[in-house]
Amino acid sequence: MYRKITIKYWFFLAIICLVTCASYWLLWSEVRLESAIKPLNKLSRSSTSVDPHNSLTGVDFFDYDEQLVVLYNRVPKTGSTSFVNIAYDLCKKNKFHVLHINVTANMHVLSLPNQITFVRNITKWHQMKPALYHGHMAFLDFSKFQISKPIYINIVRKPLDRLVSYYYFLRYGDNYRPNLIRKKAGNKITFDECVELKQADCDPKNMWLQIPFFCGQAAECWEPGSKWALEQAKRNLVNEYFLVGVTEQMDNFIDLLERSLPRIFQGFREYYQHSNKSHLRQTTSKIPPREETIGEIMKSKIWQMEDELYKFALMQFEFNKRKLTVPDNKHLQKFMYEKIRPK
């Protein structure tokens, strides 16, 4: 009899211990779960602190148009001033920001500390989005910094035309800032005479600019005549740039941008065609070079390589224009989703 009571006693005691332990475990688990969920609840309740790049917020929170960042690392003397001033005139109406990248002494390559700061600014400065950044700087590969990339655009120009324009621009200025005295003001030597005298201002090495602008921040990019730089520039132009236009077809370049990225470029085409901003910066005096001068320049390796990049960019641009419409050239290309399974 005593033995039966003892067995029952220990059985009930074991049951009580198990229930007590289970209760404590459940309570402890709730506390841990609450502490883990609380930050996410705070994040979801605070609409102002949502990070659109944070995967925890979910794809529904990401607004592609409002997070749009376009980077225009503009090559000098390619018509970039006319294009940028349209952006300044329409940014308030279209509700986007335009920011000029001003580098000390107009340097085209950024120091390593500035590279880090710049890519972080352009990515996380949400108050400025959507935005168009522009400046005379070489291509910067954002993927090296494990940061989401902006949309790159640019414009190229026939290399000799760009060099001749810049040569006379330094001597006579332009109609954009007519009272500004340039560093070669008063120098009356024509471009033809400069080539004949083999002076530094018309040296074909001065054409080595569009290649390094597309090549990037590497030292080899800035070595005139580098075959590696040319090939890297081509790769970047195809793989890293959304659209590269040509100066001679500025209207088509603007048209493609407006059709593709209307959040920023809505109304650019009409404004370019009908305002006085279509040819904003024209060199005051410019004498076209003689045939002999052109022939002499075309002998140089630098011109041949820069011309190769220009023709490569023109081919890509013409390809993008053709693909805008269906083969009959009367209707815009469309696409749709079909055969979606399961139903």
Side-chain angles (χ1 to χ4, degrees), residues 39-40 42-75 80 83-84 86-88 90-92 94-155 212-219 221 232-233 235-245 256-258 260-266 268:
L40 298 183
K42 286 182 177 179
L43 182 62
S44 63
R45 286 196 299 268
S46 177
S47 59
T48 57
S49 61
V50 169
D51 183 353
H53 300 287
N54 190 334
S55 60
L56 294 175
T57 62
V59 69
D60 291 340
F61 286 93
F62 193 90
D63 190 327
Y64 290 97
D65 280 343
E66 296 311 306
Q67 295 298 319
L68 181 61
V69 175
V70 178
L71 180 50
Y72 175 25
N73 64 316
R74 44 194 283 204
V75 179
S80 61
F83 178 81
V84 165
I86 299 175
Y88 276 111
L90 295 184
C91 64
K92 188 173 182 180
N94 288 358
K95 295 182 173 58
F96 70 93
H97 297 86
V98 186
L99 300 92
H100 177 225
I101 308 160
N102 189 350
V103 186
T104 303
N106 203 26
M107 298 174 68
H108 304 318
V109 175
L110 294 178
S111 66
L112 290 179
N114 278 332
Q115 289 183 27
I116 289 285
T117 302
F118 178 67
V119 297
R120 288 176 178 174
N121 284 162
I122 205 171
T123 305
K124 292 296 184 182
W125 200 358
H126 298 303
Q127 298 91 328
M128 290 294 110
K129 294 178 182 178
L132 170 66
Y133 289 80
H134 68 95
H136 296 312
M137 60 176 288
F139 169 77
L140 181 60
D141 184 4
F142 278 61
S143 64
K144 294 195 303 182
F145 306 91
Q146 298 181 332
I147 290 178
S148 60
K149 301 178 183 180
I151 292 179
Y152 267 101
I153 63 171
N154 215 327
I155 302 170
F213 259 62
F214 283 89
C215 178
Q217 306 275 324
C221 295
Q232 184 65 30
R235 283 192 292 270
N236 287 341
L237 191 149
V238 171
N239 297 325
E240 306 295 342
Y241 281 79
F242 176 73
L243 182 64
V244 176
L256 274 171
L257 282 177
E258 181 170 346
S260 307
L261 301 170
R263 176 61 187 85
I264 285 181
F265 299 106
Q266 184 68 40
F268 271 48

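Computed over heavy atoms, backbone and side chain alike; hydrogens, waters and symmetry mates excluded.
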Taking all heavy atoms of [X] and all of [Y], pick out the closest pair and write down the distance.
{"X": "V244", "Y": "L237", "result": "CG2-CG, 3.9 Å"}
{"X": "A138", "Y": "P212", "result": "CB-O, 3.9 Å"}
{"X": "A131", "Y": "I264", "result": "O-CD1, 3.6 Å"}

Does [X] reach the main-chain N or O of [Y] with its side chain, forming a donor-acceptor pair under 3.5 Å?
{"X": "N94", "Y": "F96", "result": "no"}
{"X": "R74", "Y": "I153", "result": "no"}
{"X": "N236", "Y": "C215", "result": "yes"}

Interatomic distance, CE@M128 vs CD1@I122, rounded to 0.5 Å, equals 12.5 Å
Quick one: CG on L68 to CD1 on I151, what's the gap to the nearest 0.5 Å? 5.0 Å
Which class fits the ring pair [X] and [Y]: parallel under 30°, tilted 30 to 60°, perpendicular over 60°?
{"X": "Y152", "Y": "F142", "answer": "perpendicular"}
{"X": "H108", "Y": "H136", "answer": "perpendicular"}
{"X": "Y241", "Y": "F214", "answer": "tilted"}

May I ask you to check whether Y88 and H100 place their ring centres under 6.0 Å from each other? no
Quick one: which of H126, K129, R263, K95 gives a side chain to side chain donor-acceptor pair (under 3.5 Å) with E66? R263
[X] vs [Y] side-chain heavy atoms within contact, under 4.5 Å:
{"X": "F139", "Y": "C221", "value": "no"}
{"X": "L110", "Y": "T117", "value": "no"}
{"X": "F145", "Y": "T123", "value": "no"}
{"X": "Y72", "Y": "V84", "value": "yes"}
{"X": "Y133", "Y": "N121", "value": "no"}

Show the numbers, then the answer: is there a side chain to side chain contact (heavy atoms under 4.5 Å, CB included) between L71 and I101? CA-CA 10 Å; L71 180 50; I101 308 160; 3.7 Å; yes
Could you please spell out the steps behind the side chain to side chain contact (heavy atoms under 4.5 Å, CB included) verdict for K149 and D141? CA-CA 8 Å; K149 301 178 183 180; D141 184 4; 4.2 Å; yes
Please say whether more than 12 non-hydrogen atoms of neighbouring residues, nucleotides or ligands are located less than 6.0 Å from CZ in R235. yes
